[in-house]
Amino acid sequence: MMPSSHIVVHYHELWLKGGNRRFFLHKLREALRRALDGIAISRISRPADRLIVEIADATHVEEGLQRLTRVSGISHLAVARVLRRPSLGDDPLHALCDAAWQEICNEQFATFAVRARRSDKGFPLNAMAIEREVGGYLFDKLQAEGRQVRVDLKAPALTCRIEITRGPLLVYARRILGPGGLPPNTAGRLVCLLSGGFDSAVAAYKMMKRGAHLSFVHFWGGGAAPGESSIHVARQLVERLVPWQFTAKLYLVSFEPLQREIAAQTPEAFRTLLYRRLMLRVAERIAQRSGGKGVITGDSLGQVASQTLQNLQAVGSIAKLPLYRPLIGDDKLEIQEIARRIGTHDISEQPFHDCCPVFQSKSPALFATADALDAAEAALDVASLVDRSIRTLSVERYRYTQGKSERVASKHTATA
Ligand code: ATP
Ligand code: MG
């Protein structure tokens, strides 16, 4: 057996049904190449409904696998055992049966099936014959070991797959779970309000996983003590999230001038809600300039005072673009579990301040109305507050190359 250099990529078939099939497959291939940037690929082939990535140097397979677990659109991955083509006169079944046995003998399962696919019609056995012969061989051997297993062709717990390609023969059964979702950068652009907390980072992940490409907007505060600014948390989060979409912009907006104005001019109970409204307006301006089709927030129903249905409605009433709240029905525990899985949890857990305590509201309103917030905003020059934010924000660009996230450049901009 040769050292394995073949990674099999399975994708959900749902998105293959419509006329977008070619587009999605093209995007998935592109994502595979970008995710594996720096690892030489001999070729990517597509026998039927899967992709096979041939890594030039087998010692890079582990690293490649790690990276591919962050490519959305992949339902699961496998590393195939690779057999040389049998030479004329050899029994091709013998080697296949042996490899299949090696592949499954240490796995635990109650039901199994063998599935074969033959894209090389010159191979002496057809797919059905291979399935029957290898399946029978495995069954006998399992029985001989006293294991209670049966063949189940409809919903097997373990499927041993055999690919007869024009090149080598591939055998694999052990599956590594992929993230699912749709291939990156297939849905269009959105702007995400990224706070530094657990929720908005997870909300961002959920939308990227469905193919959206995000720009991040963070409102930073100076913190109560030097060095406590929230900027470093936002930066680390974007670095952690950028592999899912390969490039990202982070817009950094100074929060304090807005807070100072709101705190001075409006009722204390409305502060948080008015902060949110201004954040939304700034995010929308950025979205409009960058082709964004909506704004994402990490709101979760009832989690904090600003997230009652009344307050969500009162804040959101000024929105012109659709607001996406992918966590609205999720519990904190579910959100934190995803945060751990994608690696944002420990970043969000660090201490930071995006809002100086003097600007926080001590008794926030639970049931505001849009009218009440509109009336409170009459004391503010909302347009110029938004303008100033746009004028003074800074933009940072991030990218994921050679398996690493990096910040590319930062600059001040008046045009967003
Ligand atoms: P998170 O865990 O994302 O901070 P949260 O449950 O703590 O959310 P809030 O702090 O009330 O709730 O924020 C609600 C949403 O408003 C956030 O999920 C985020 O989308 C947005 N948001 C809040 N603060 C900021 C900020 N400083 N910069 C950008 N967006 C923010
Ligand atoms: Mg928060």
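One-based numbering, in listed order, for ligands and for the atoms of each.
Of all atoms in ligand 1, listed by their number and element, those nearer than 4.0 Å to a heavy atom of Ser306 are 11 (O). Using a 4.0 Å cut-off to heavy atoms of Gln307, the atoms of ligand 1 that qualify are 6 (O), 9 (P), 11 (O), 12 (O), 14 (C). Close approach of ligand 1 to Thr297 (heavy-atom distance below 4.0 Å) involves ligand atoms 20 (O). Of all the atoms in ligand 1, the ones that sit under 4.0 Å from a non-hydrogen atom of Met279 are 22 (N), 24 (N), 25 (C), 26 (C), 27 (N), 30 (N), 31 (C).
Residue-to-ligand polar distances place Phe219 within reach of ligand 1: an N/O pair is separated by less than 3.5 Å. For ligand 1, the polar-atom distance check finds an N/O of Gly298 within less than 3.5 Å of one of the ligand's N/O atoms. Some N or O of Leu193 is nearer than 3.5 Å to an N or O of ligand 1, by distance alone. The N/O atoms of Lys332, backbone and side chain alike, include none that comes under 3.5 Å of an N/O atom in ligand 1.
When non-hydrogen atoms are compared, ligand 1 lies under 4.0 Å from the backbone of Ser200 as well as from its side chain. By the criterion of a heavy-atom distance under 4.0 Å, the backbone of Val217, and not its side chain, is placed next to ligand 1.
Cation-pi geometry between Arg29 and Phe24 is not met: the NZ or CZ atom fails to fall both under 6.0 Å from the ring centre and inside 45° of the normal.
If you look at Tyr275 and Phe219, their ring centroids are not closer than 6.0 Å.
Counting only heavy atoms from C-beta outward, the side chains of Leu25 and Arg46 approach each other to under 4.5 Å. By the 4.5 Å heavy-atom criterion applied to side chains, Cys192 and Met208 are not counted as neighbours.
A ring-ring contact (aromatic ring centres under 6.0 Å, His included) with Trp244 is found for one member of Tyr398, Tyr205, Tyr400 and no other, namely Tyr205.
Residues His213 and Thr186 bring no donor and acceptor atom of their side chains to less than 3.5 Å of each other.
Remark: Leu32 CG to Tyr11 OH distance equals 10.5 Å, nearest 0.5 Å.
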